[in-house]
Amino acid sequence: MPSISTINKTLLSIPPSGIRRFFDLVAQSQDIISLGVGEPDFITPWHVREACIFSLERGQTHYTSNLGQLELRREIAIWLKRKYSLKYAEDEILVTNGVSEGFDLAIRTLLNPGDEVIVPAPAYVMYEPLVRLAGGVVCFAEGLEKNNLVLKCEDIEKKITKNTKVLILSYPGNPTGQTLNKIELQKIAKLVKKHDLFVISDEIYSELSYDSIHVSFASLPEMRERTITLNGFSKAFAMTGLRLGFICAPRNLLGEILKIHQYCALCASSIAQAGAIEALRNGAEEVQKMKEEYDARRKLVLSACKKIGLVCPYPDGAFYIFPSIKKTGLSGEEFALQLLKKFKVAVVPGNVFGKNYADHIRISYATGMEDLVEAFKRIEEFVRGGGK
Ligand code: PLP
């Protein structure tokens, strides 16, 4: 057999996802309260599951159009216009296997070898490996400690070189839960125009914005033509396992993106697409209910962190907080391992999201209120005991 060391060199240099690595450990333990996973604890609303079942019963199990079912793309176009004032035609929307596939397609479409890509940090784990696999060079733009890790336009500007091709935006963000406000986005838009950049805007948590209305980057003047917008059904609609997202881009660019999807995926699941149509048509009430529950939990975890003295960037959205655990004297990795071993609570160490975040942990509050209260009791005991 040929040696494994002869396979793709970039791939060999990429470690497996740090979140998954940690959760393999969690899977080996019993009675754990997990504040680790980045997925809704809610089951997909029944009417959406039912629509999937009906589509199976009707035998809708064939390939759909490569772009995704026309009926679904129509619903997405209506939803985007109503929610975020985005104007995309049916053939400017491509239904994908989650935002994960969407990001991979977008970055592979834009990059030539050596092109630089600015990635906001702390960053969700998929951006760096997929940029590198597409031949790009990652330049992290970090939100400063004094700005509570909120990314500012200046942090991005510092990273721009003559080789910069793409800026990635991801807001509300994972792992901080922070969002970008309209004023900052307008400044970023000016910068993007000045340096003639493409933008990939991952807005998967757009519906989970608690304090202000989400502003979609492509809705800003002159940004639509250079932006690839990613969104999907995993988070706000609680449909992670159905694997459904979508890409929006100007027609000529989407045509190029479609070529990769055509060859590597053909289309997204026909059953999931039936569920997504139902979710967009009749799911608003359920989404709102889940959002209100997340918001109540957000308030609870914020006040629990305050009580324990764990400082975190203010989370405007998503379902994460990213407190500093510096005062315990432990690294995030040690903190997470000890907390798991001694108090049976799972969190994710901050270094998973960037090497400069080793003294943070990510806590997901996509977990029931009762478990959250109990977990924070244990975290308090752990911290007050000096991490022992
Ligand atoms: N983008 C961000 C910022 C995420 O946090 C996640 C999942 O945690 C994804 C994308 C992946 O989304 P999907 O399930 O649609 O592939």
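Atoms within each ligand, like the ligands themselves, are counted from 1 in listed order.
In summary, the atoms of ligand 1 found under 4.0 Å from a heavy atom of Asp202, numbered by their order in the structure, are 1 (N), 2 (C), 3 (C), 10 (C). Using a 4.0 Å cut-off to heavy atoms of Tyr127, the atoms of ligand 1 that qualify are 3 (C). The ligand atoms of ligand 1 that sit less than 4.0 angstrom from a heavy atom of Ser234 are 13 (P), 14 (O), 15 (O). Proximity to Arg243 (heavy-atom distance under 4.0 Å) selects the following atoms of ligand 1: 13 (P), 14 (O), 16 (O). Close contacts between ligand 1 and Gly98 involve ligand atoms 15 (O), 16 (O) [criterion: under 4.0 Å to a heavy atom]. Taking every heavy atom of Lys235 and a limit of under 4.0 angstrom, the matching atoms of ligand 1 come to 6 (C), 7 (C), 8 (O).
Residues Phe335 and Thr328 form a side-chain contact, since some pair of their non-hydrogen atoms from C-beta on lies under 4.5 Å apart.
Ring-plane geometry between Tyr124 and Tyr127 is classed as perpendicular, the angle between the planes exceeding 60 degrees on a 0 to 90 degree scale with a lower cut at 30. Note: Trp79 and Tyr84 have perpendicular aromatic rings, judged against thresholds of 30 and 60 degrees for the angle between ring planes.
Counting heavy atoms under 4.0 Å from ligand 1, residue Glu101 does not touch it at all. Contacts between Tyr205 and ligand 1 below 4.0 angstrom, taking non-hydrogen atoms only, involve the side chain exclusively.
Put simply, the residue from Leu72, Leu67, Leu80, Leu94 that forms a side chain to side chain contact (heavy atoms under 4.5 Å, CB included) with Phe246 is Leu80.
The shortest separation from a heavy atom of Glu39 to ligand 1 is not under 4.0 Å, leaving the residue out of contact. Distances from ligand 1 to the non-hydrogen atoms of Met126 include at least one value under 4.0 Å.
Counted by atom type alone, Glu116 and Thr161 present one or more donor-acceptor pairs between their side chains at under 3.5 Å. For the residue pair Glu101/His261, the side-chain donor-acceptor check at 3.5 Å is satisfied. Tyr205 and Thr179 share no donor-acceptor pair across their side chains, judged by distance under 3.5 Å alone. The closest side-chain donor-acceptor pair between Ser5 and Ser3 falls under 3.5 angstrom. Donor-acceptor pairing under 3.5 Å is lacking for the side chains of Asp359 and Ser331.
Here the heavy atom of the protein found nearest to atom 12 (O) of ligand 1 is Ile204 CD1, 3.3 Å. The shortest contact between atom 9 (C) of ligand 1 and any protein heavy atom is with Tyr124 CE2, 3.5 Å. For atom 16 (O) of ligand 1, the closest heavy atom belonging to the protein is Ser100 OG, 2.5 Å.
No N or O atom of Ser170 sits closer than 3.5 Å to an N or O atom of ligand 1. Close N/O approach between Thr240 and ligand 1 is not found [any backbone or side-chain N/O within under 3.5 Å].
Annotation for Ala218 and Tyr88: closest pair CB-OH, 3.3 Å, computed over non-hydrogen atoms.
The nearest non-hydrogen atom to atom 13 (P) of ligand 1, considering only Val37, Asn231, Val99, comes from Val99.
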